[in-house]
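Source: prediction; values computed, not measured. By convention in this document, chain letters (A, B, ...) are assigned in the order of the sequence lines, proteins followed by strands, and residues within each chain are numbered from 1.
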There are 2 protein chains.
Amino acid sequence: MKTKNTGNIFDLKFIMAKILVINASPRGHRSHSRALTGLFIKTWQTRYPDDSFTNREVGQTPVPHITENWIAAAFKDKATLNPEDEKVLKLSNELVNELKNADLFVIGTPMYNWGIPSGLKAYIDQIMRINETWKFRSGEPDGDYVGLLENKKLYILSSRGDSGYNKGETNEYMNFQTTYLKTVFNIMGVSDVEIISLDNEEYGGERFAKSQREINQRILQIR
Amino acid sequence: MKTKNTGNIFDLKFIMAKILVINASPRGHRSHSRALTGLFIKTWQTRYPDDSFTNREVGQTPVPHITENWIAAAFKDKATLNPEDEKVLKLSNELVNELKNADLFVIGTPMYNWGIPSGLKAYIDQIMRINETWKFRSGEPDGDYVGLLENKKLYILSSRGDSGYNKGETNEYMNFQTTYLKTVFNIMGVSDVEIISLDNEEYGGERFAKSQREINQRILQIR
């Protein structure tokens, strides 16, 4: 990973980065977003061979939806958690720790019905944890959210049937996918978000092939 | 249900309406959105005792996420479906038929992390079916969607921790919940959408109690 301008060339955190790759497509080899994360990993490994990768699958093997007990436990004071609460939050704690331990997140996701797939929403609901990944500024509900994931960067590698979903474009108002992910990761403190989207899948043919060439080129140039 | 101005007083479809109630909260008796749908049903039954109700639970017993095989089957021509495809689409067909058979939809849903709960997204992914609930105008991908659910009305009964999510308000840009639902139901042909949202849950106390009184009053006045 490129070194951040920390003024300290011995800042190993940024020299040997930990990268968390989250794949959200329910599809396997036919998934376009999965092909993008695959190309990203390959490109990155060639460029930064010392960086390490963790994979989190939420598409083909989704994480559970949050439940009534999960919500009750997540909003308790940590000191008052009983063994049942600990059990219900176990996976969520693992997912949150994965985020805390990584320097860079790469989410590969399709747009399904103008939003993210339900499996990725289940994951988002598991990681948006009060006093873990975000908090209220005053400590009490105040509508002012402070992110607790610091010094992270997020790449969103997206695949969409149509196009025109970017800022200022015709279908921007129907983008409940990358706009949503950017919003919730911003709330968790991740302000450095780069979106790379492979569009036009549903049209196929040369129109889609052109999008593929452009997006693959863009991923190959990541640094 | 009130009769639509069809010019035909014998139009029984609108005199004895079928109402589909979709509850999306993972919570039971502690759910605020579930309390709203409960009050809606009670109010409606008093006013229109001949109308009938169907309940669809997607919160406490969620429908499955769509899968690679589901997607492949849903995009096939109906004539080419094999028994395996039919099997994988069985529940989706049931959900779509429920929508087609109803005159009025009532969705009760919380806002989770500025979006809909993952269980409700799983439901949306199951019901957004090409050539069943929507189609491309030209029959081929053209970015021009035609809804196939006709003469329906949707009430969204929402519960949210904060407020200011309505059109023109401060947090409108963070509303990936009712704005999303309205968008996808519009695409399916449901243009008559009424949103009633119980806000400020996270503040509790008098602020929330005031919201509750106002919203309950609004539901009691539905006709």
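- Ranked by heavy-atom pairs under 4.5 Å with chain A, the first of B/Y123, B/Y112, B/Y173 is B/Y112.
- Heavy atoms from other residues, nucleotides or ligands lying under 6.0 Å from NZ of A/K100 number more than 12.
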Distance-only donor-acceptor pairs under 3.5 Å for side chains of residues 21-29 of chain B, two or more places apart:
from  : atom 1 : to    : atom 2 : distance (Å)
B/N23 : OD1    : B/T37 : OG1    : 2.9
B/S25 : OG     : B/R27 : N      : 3.0
B/S25 : OG     : B/S31 : OG     : 3.3

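- Using a 4.5 Å cut-off between heavy atoms, B/N69 makes no contact with chain A at all.
- Between A/I124 and B/W114, the closest side-chain pair of non-hydrogen atoms is not below 4.5 Å.
- Listed in order of number, the residues of residues 199-219 of chain A that approach chain B to under 4.5 Å between heavy atoms are A/E202, A/Y203.
- Of the two parts of A/D162, only the side chain, counted from C-beta on, holds a non-hydrogen atom closer than 4.5 Å to a non-hydrogen atom of chain B.
- For B/Q60, the part sitting under 4.5 Å from any heavy atom of chain A is the side chain, from C-beta outward, and nothing else.
- Looking at heavy atoms from C-beta onward, A/I116 lies out of side-chain contact with B/F176 at the 4.5 angstrom threshold.
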Practice task
Might you work through the side-chain contact (heavy atoms from CB on, under 4.5 Å) test for B/Y145 and A/M174, ending with a clear yes or no?
Solution key: CA-CA 12 Å; B/Y145 314 104; A/M174 293 172 85; 4.3 Å; yes

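- Residue contact with chain B, scored on non-hydrogen atoms closer than 4.5 Å, involves the side chain of A/T183 exclusively.
- For a residue to count as touching a neighbouring chain, one of its non-hydrogen atoms must lie under 4.5 Å from one of that chain's; by this rule A/N171 does not touch chain B.
- For chain A, the option among B/I71, B/V184, B/T67, B/L120 with the highest count of heavy-atom pairs below 4.5 Å is B/I71.
- The two atoms that bring A/S118 and B/A122 nearest to each other are CB-N, 3.3 Å, heavy atoms only.
- Within a 6.0 Å sphere centred on NZ of B/K87, other residues, nucleotides and ligands contribute 12 heavy atoms or fewer.
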